[in-house]
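Each remark here refers to the structure printed beneath this line.
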Amino acid sequence: MNVRTDPALRLPGSSSPVVLLDGVSRYYGGSASPVPALAEVTTSITYGELVAITGPSGSGKSTLLNLIGTLDRPSSGRIIVDGHDLAALDDRRLSALRAHRMGFVFQHFHLAEGTTALDNVADGLLYTGLPRRERRARAGDALHTVGLGHRLRHRPHQLSGGERQRVAIARAVVGDPVLLLADEPTGALDSNSGGAIVDLLHRLNDNGTTVVVITHDVQLAARLPRCLSLRDGRLIADSAYPTAAEASR
Amino acid sequence: MTPHTSLDHSRLRVTDLVRLGGNGLRTRPLRAVLSALGIAIGIAAMVTVIGISSSSQAHLSAQLSRLGTNLLTVTPGQSLSGEQAQLPPEAMSMVARIDGVETVGSVGKIDDAKVYRNSRVDPRQTSGLTVFAAHPDLLEAVRADVTRGHWLDQAPQNYPTVVLGHLAAQRLAAQPGDQVWLGDQYFTVLGTLQPVPLAPELDTAALVGQKAAEHLLGFDGHPTTVYERSSDARVSAVRALLPRTVNPEHPEEVQVSRPSDALAAKDAVLESYTGLFVGLGCVALLVGGIGVANTMVITVLERRREIGLRRALGAARRHISIQFLVEALLLSAMGGLTGVALALTATAGYALSQGWPVSMPLAVPLAGITATTLIGALAGLYPALRAARTPPMVALSS
Ligand SMILES: Nc1ncnc2c1ncn2[C@@H]1O[C@H](COP(=O)(O)OP(=O)(O)OP(=O)(O)O)[C@@H](O)[C@H]1O
Ligand SMILES: [Mg+2]
């Protein structure tokens, strides 16, 4: 079964949004005293952008990323990703969206211990239904892309933190996603390895992948073309639209 | 880059599914073995007991078809006044005249005569042996065979000769040609018999010819058991006629029984034990199933992070639940196969040690494996659904 995209959501040319958030809120706690983790966020991200999300701890960065990544559903508001209104998709189609169109990178890598780098990356294609041989072939290519062509048979405990994160990034991009979501990918790394990861994200973005990356690192955020700032669940600044963000404050 | 307009489902190949299901077992082999053990024991107990009972039945029916189920025995009951009744001396010839009767034999117990190894043995030590006057046709009627030596019809009727049942020969340590002290004189052992399953009283018997019994031991001519075989079709008709034929005046003083029924009854006793053990096996199986469910619940809790990751990689809820269901199925199937293998070995070992044919109805191990699969599915269902409900983001932030 296919899901048709609402034509009204498709904007022409390069300004077409891969992510569109319209008054998105996420509350935790009972209905009696709901605590907003994210409140009334409205913004959009265009295909091919490289966007940083910053803000203090607890400001709702991960919440926002999980909502975009369809791992969580908003309490209110509308989210459109790659032309699909998420509210209209059931679990199977949301899963398909993640399997085919998105890649995730986490602060703590989440690699399978005891499994080679190659097979960890190949698992990024597990739910696309590709045959194993094909998954492994593409995994080899992805590992070469992230500069780990010489580490295919290594297991996570035989790799440095930076290398592990590069394996995780290879797993996220092996399916050639349009959207790469990274939650503090440099958070567990020293500044050298972290810099290499940021360079890698830049390179992937140059090849056309939209990248959304959460970071605490103000300097790092400043090196990225666009930066969204959150505080207490609200979008307080957007370097692309300074005045609009001021207005929504 | 342009937006894609259509969405496929995410999919998981069956081979990948089975590999994923086996993952948990491979990474924690000891836990897998221990939790499969309960199921293995339950299935092994049930299948073994059924296999042993089936082998014993096969043995029994082979025995019955060899011995025949057409043997009836006639013995005196009690008279109305409570005294021990007697069969008339001509009972045998009257039974022989019944339509359908093929062979008749008889023994008459001689209460006053005892048999000893020699004259110096204490008379109170009878070794549980009985002296009978035997009709020459007895052997044919009970289908007994001579182990060594000869049957009574091979010697002159009036001579003091005796044939010993197989236990009697053992207890007296006597062989053909030996002399045993019987009544007040030595009798020559003419032969010894093989075990007689349908007439075990002959195993402990010293059998003397009727003429010799009358002349030398004062036998009164009244048989105490008449053995009769008819065609299979006539068994029940003959059975109904026997009391009136043997003792027309007091048919109620005549008891008729069918020794093959006693053999079959032994089997019924075994069968009731089978029920008990199958019940116990069911309990073990249930406990085994609970063990698998328990293991799976723990596994799902431990692997929340893996679940979250798989969801991020594109697994739908059903992919998560089916992965853990397959893991539970593999776990219990492993237990089931091990249990059935154990049971087949145990059944074969026991049956062979008893000299029985090995018999195992194919349906039993098949049913066992089906049952374990069902148990695995049941045990895995709740943990699998729980795994599928794990919110991916919570799982990943841990
Ligand atoms: N499952 C949850 N239940 C209740 N509250 C939650 C839950 N997840 C997040 N929150 C709350 O929502 C708020 C935003 O959390 P979030 O994880 O998005 O912050 P963050 O910006 O990613 O912080 P950090 O930089 O520390 O990762 C926090 O106050 C947090 O306590
Ligand atoms: Mg966070």
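On a predicted model such as this, the values are computed, not experimentally measured, just so you know.
- Considering only heavy atoms from C-beta on, B:L309 stays 4.5 Å or farther from A:D123 through its side chain.
- If you take CE on B:M393 and CG on A:D183, they are separated by 10.0 Å, rounding to the nearest 0.5 Å.
- One finds the CD1 atom of B:I320 at 8.5 Å from the OG atom of A:S95 (value rounded to the nearest 0.5 Å).
- More than 12 heavy atoms of other residues, nucleotides or ligands shown are found within 6.0 angstrom of CZ on B:R26.
- Applying the 6.0 Å contact sphere to CD1 of B:I322 captures no more than 12 heavy atoms from other residues, nucleotides or ligands.
- For the pair A:D91 and B:R318, the minimum side-chain heavy-atom distance is 4.5 Å or more.
- Using a cut-off of 4.0 Å between Lys/Arg side-chain N and Asp/Glu carboxylate O, A:D90 and B:R317 are scored as not salt-bridged.
- Taken from OG1 in B:T27 to CD in A:E113, the straight-line distance is 12.0 Å, to the nearest 0.5 Å.
- Atoms NE2 and CZ, from A:H108 and B:R305 in turn, are 7.5 Å apart once rounded to the nearest 0.5 Å.
- Proximity to chain A (any heavy atom under 4.5 Å) is shown, for B:R310, by both the backbone and the side chain.
- Among all heavy-atom pairs drawn from B:G314 and A:R98, the shortest one is CA-CB, 4.0 Å.
- Looking at A:R73, there are no atoms closer than 4.5 Å to chain B (heavy atoms on both sides), in backbone or side chain.
- The residue among A:L126, A:T210, A:T128 with the most heavy atom pairs within less than 4.5 Å of chain B is A:L126.
- The line from CZ of B:R13 to CG of A:L130 is 7.5 Å long, rounded to the nearest 0.5 Å.
- Counting heavy-atom neighbours within 6.0 Å of B:R31 CZ, excluding the residue itself, gives a total above 12.
- Looking at A:D72, the atoms closer than 4.5 Å to chain B (heavy atoms on both sides) sit in the backbone and in the side chain alike.
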message = Checking A:R92 against B:S10 for the side chain to side chain contact (heavy atoms under 4.5 Å, CB included) test, could you report, in this order, the C-alpha distance in whole Å, the side-chain angles of both residues, the deciding distance, and whether it holds?
response = CA-CA 7 Å; A:R92 310 174 108 196; B:S10 59; over 6 Å; no
